[in-house]
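Inspection log for the structure reproduced underneath, given as structure tokens.
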Amino acid sequence: MPELPEVEHVVRALQRMVVGRRIVASDIRLAKLIAPSSRRAFNRKLKDSTIVGIGRRGKFILIELEERVALPHGRTYDTHRQVNLQKAARKQRLALIVHLRMTGKFLYQSPDDPLPRHAHAIFYLDNERRLVFRDQRKFGVMKLVPASRIRNAKGIRDLAPEPFEDDFSVDYLTETLSRSQRTLKTLLLDQNKVLGLGNIYAAEALFRAGISPFAIAADLSTKRIARLHAAIRDVLKFAILHIKGSISLEDGFSYGAAFERFWQVYDREGEPCVKCGARIRRERHGGRSTYWCPRCQRR
DNA sequence: ACCCTCACCTGCACGC
DNA sequence: TGCGTGCAGGTGAGGG
């Protein structure tokens, strides 16, 4: 489902709702969600951990956890001894890395709310509420790693720079494009080259930049690279601003009608271009639908 | 490193 | 009504 702007909104909602909460139990109902780890090990690690922060890297959601400290039991320690033990048993930081893929959603529920269909993971929180991960198509994935190893986790290690950080510069884009003979549409969907776009925003960014999705990356002029760079940031920023503020975890996430109107080419085959009136075209390219205006977007 | 197709799944909209 | 087809916001594997 989501591209970077939608993931950003999910992250913000999670920050508001679950940071500071302790996970009292978890229930993984779909083994492949956390494969190859075992559900038992997964649940054991999560139990009694505290959610200390929520972050994002590209389209990955990072749920930062602090493990409980398991003090040895069955014996009594004097104060002095306990203090030393706690120092030795430093709380482990973990990260639950989540990718929503196409249809993954989080819901924040009251105990009396009915569980939705396709609820594949349930996290019971210390305020009686629960965080539910639902995913109709079962493409979503979760992985638990020590916080120190987030950067090196598979899928995250090779990601391109965050689009709003300084290292996603015109120079970076110039360098990246110059080394590729692929079409722009394909390259923009490659998260290791340009981060955050999906099928919708790649089409929208190219439309804004006035460049054909079929242009070869390495052929772009300096001027067009600069336009594309600005368009990528603009389209992501615009989407983050215009995704409805009313989106809540209770509802899950969906594109509202008001939001869809902002798509200028995506899903508009045959409609007149908002800039020039030409008919928007659609073609399958690299296995996905590509939408563009044949007049505004030249190769 | 690239390209392509297929795979992973379920549900919805469409045409007959 | 049903049944078949194609399509969906993402990515990874496997073959060339």
Side-chain angles (χ1 to χ4, degrees), chain A residues 1-11 29-36 56-61 97-106 116-121 133-143 153-160 175-207 213-219 232 235-236 238-240 242-244 247 251-270 282-291:
Chain A
M1 156 182 103
E3 304 180 33
L4 187 145
E6 293 77 32
V7 174
E8 177 63 26
H9 272 263
V10 172
V11 164
R29 306 181 152 208
L30 180 71
K32 72 165 264 198
L33 175 63
I34 58 158
R56 179 186 63 67
R57 179 79 176 93
K59 302 175 189 173
F60 289 88
I61 297 169
I97 303 175
V98 182
H99 200 299
L100 304 174
R101 294 289 179 93
M102 296 284 263
T103 52
K105 294 171 173 62
F106 278 108
R117 294 190 69 187
H118 313 297
H120 303 317
F133 179 78
R134 69 180 299 209
D135 184 4
Q136 179 192 123
R137 291 175 76 179
K138 304 181 183 167
F139 292 167
V141 284
M142 289 186 184
K143 184 179 192 173
K154 191 178 159 223
I156 292 191
R157 189 180 37 228
D158 300 322
L159 290 176
E175 185 63 24
T176 303
L177 295 181
S178 74
R179 282 189 269 107
S180 173
Q181 292 301 124
R182 304 157 82 182
T183 63
L184 279 181
K185 177 64 190 315
T186 308
L187 187 133
L188 291 184
L189 291 177
D190 184 340
Q191 303 299 298
N192 298 332
K193 301 289 191 288
V194 174
L195 188 58
L197 302 173
N199 208 32
I200 295 178
Y201 298 127
E204 297 297 322
L206 287 167
F207 178 75
F214 307 109
I216 301 302
D219 294 349
I232 290 166
V235 87
L236 291 174
F238 191 91
I240 290 171
H242 284 79
I243 288 173
K244 286 192 292 183
I247 286 166
D251 303 330
F253 177 83
S254 66
Y255 289 111
F259 182 62
E260 282 180 35
R261 251 173 267 135
F262 135 73
W263 300 344
Q264 298 187 98
V265 281
Y266 182 81
D267 203 23
R268 288 184 176 273
E269 183 182 16
R282 176 174 81 98
E283 207 166 281
R284 251 175 126 70
H285 177 239
R288 341 237 359 225
S289 285
T290 290
Y291 298 84

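Naming: A, B, ... by sequence-line order, numbering from 1 per chain. Not measured: the values here are computed from a predicted model.
Of the candidates dC9(B), dT11(C), dG11(B), the closest approach to any side-chain atom of Lys32(A) belongs to dC9(B). Of the candidates dT10(B), dT11(C), dC9(B), the closest approach to any side-chain atom of His118(A) belongs to dT10(B). When each of dC7(C), dT11(C), dT10(B) is scored by its nearest atom to the side-chain atoms of Arg288(A), the top-ranked nucleotide is dT11(C). Which of dT10(B), dG11(B), dA8(C) sits closest to the side chain of Lys138(A) comes down to dT10(B).
Under the rule for a side chain to side chain donor-acceptor pair (under 3.5 Å), Asn192(A) has no partner lying at least two apart in sequence or in another chain. The salt bridge (Lys or Arg N to Asp or Glu O under 4.0 Å) search around Lys143(A) returns none, not counting sequence neighbours. Considering only residues two or more places apart in sequence or on other chains, Lys59(A) meets the side chain to side chain donor-acceptor pair (under 3.5 Å) condition with none of them. Here Asp219(A) pairs with nothing under the salt bridge (Lys or Arg N to Asp or Glu O under 4.0 Å) rule; sequence neighbours left out. Residues satisfying the side chain to side chain donor-acceptor pair (under 3.5 Å) criterion with Arg29(A), sequence neighbours excluded, are Asp27(A). For Arg134(A), there are no side chain to side chain donor-acceptor pair (under 3.5 Å) partners at least two apart in sequence or on another chain. Residues satisfying the side chain to side chain contact (heavy atoms under 4.5 Å, CB included) test with Val141(A), not counting sequence neighbours, are His99(A), Arg101(A).
Mapping Lys154(A) and Leu197(A) onto DNA chain C by nearest heavy atom places Leu197(A) at the nucleotide closer to the 5' end. Where Gly155(A) and Arg137(A) each meet DNA chain C at their nearest nucleotide, the meeting point lying more 5' is that of Arg137(A).
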Pull out every protein N or O sitting under 3.5 Å from an N or O of nucleotides 1-6 of chain B, one pair per line with the distance.
unit_1: dC3(B); atom_1: OP2; unit_2: Arg182(A); atom_2: NE; d: 3.0

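Pairing analysis of DNA chain C (Watson-Crick: purine N1 to pyrimidine N3 plus N6-O4 or O6-N4; G-U wobble: N1-O2 and O6-N3; both under 3.5 Å) yields stems of 3 or more pairs at B:2-8 with C:10-16, B:10-16 with C:2-8.
The closest side-chain heavy-atom distance from Ile97(A) to Ile61(A) is not below 4.5 Å.
dG12(C) and dG11(B) have their P atoms separated by 24 Å, with the value rounded to a whole Å. To the nearest whole angstrom, the two P atoms, one in dT5(B) and one in dG6(C), are 15 Å apart.
As judged by a 4.0 angstrom heavy-atom cut-off over every strand, Arg284(A) is placed among residues touching the sugar-phosphate backbone only.
Residue Phe139(A) and nucleotide dC9(B) are not classified as a stacked aromatic pair, given the requirement of ring centres less than 5.5 Å apart at an interplanar angle below 30°.
When rounded to the nearest whole Å, the span between CG of Asp267(A) and C1' of dC7(C) equals 10 Å.
By the 4.0 Å N-to-carboxylate-O rule, Arg282(A) lies too far from Asp267(A) to be salt-bridged with it.
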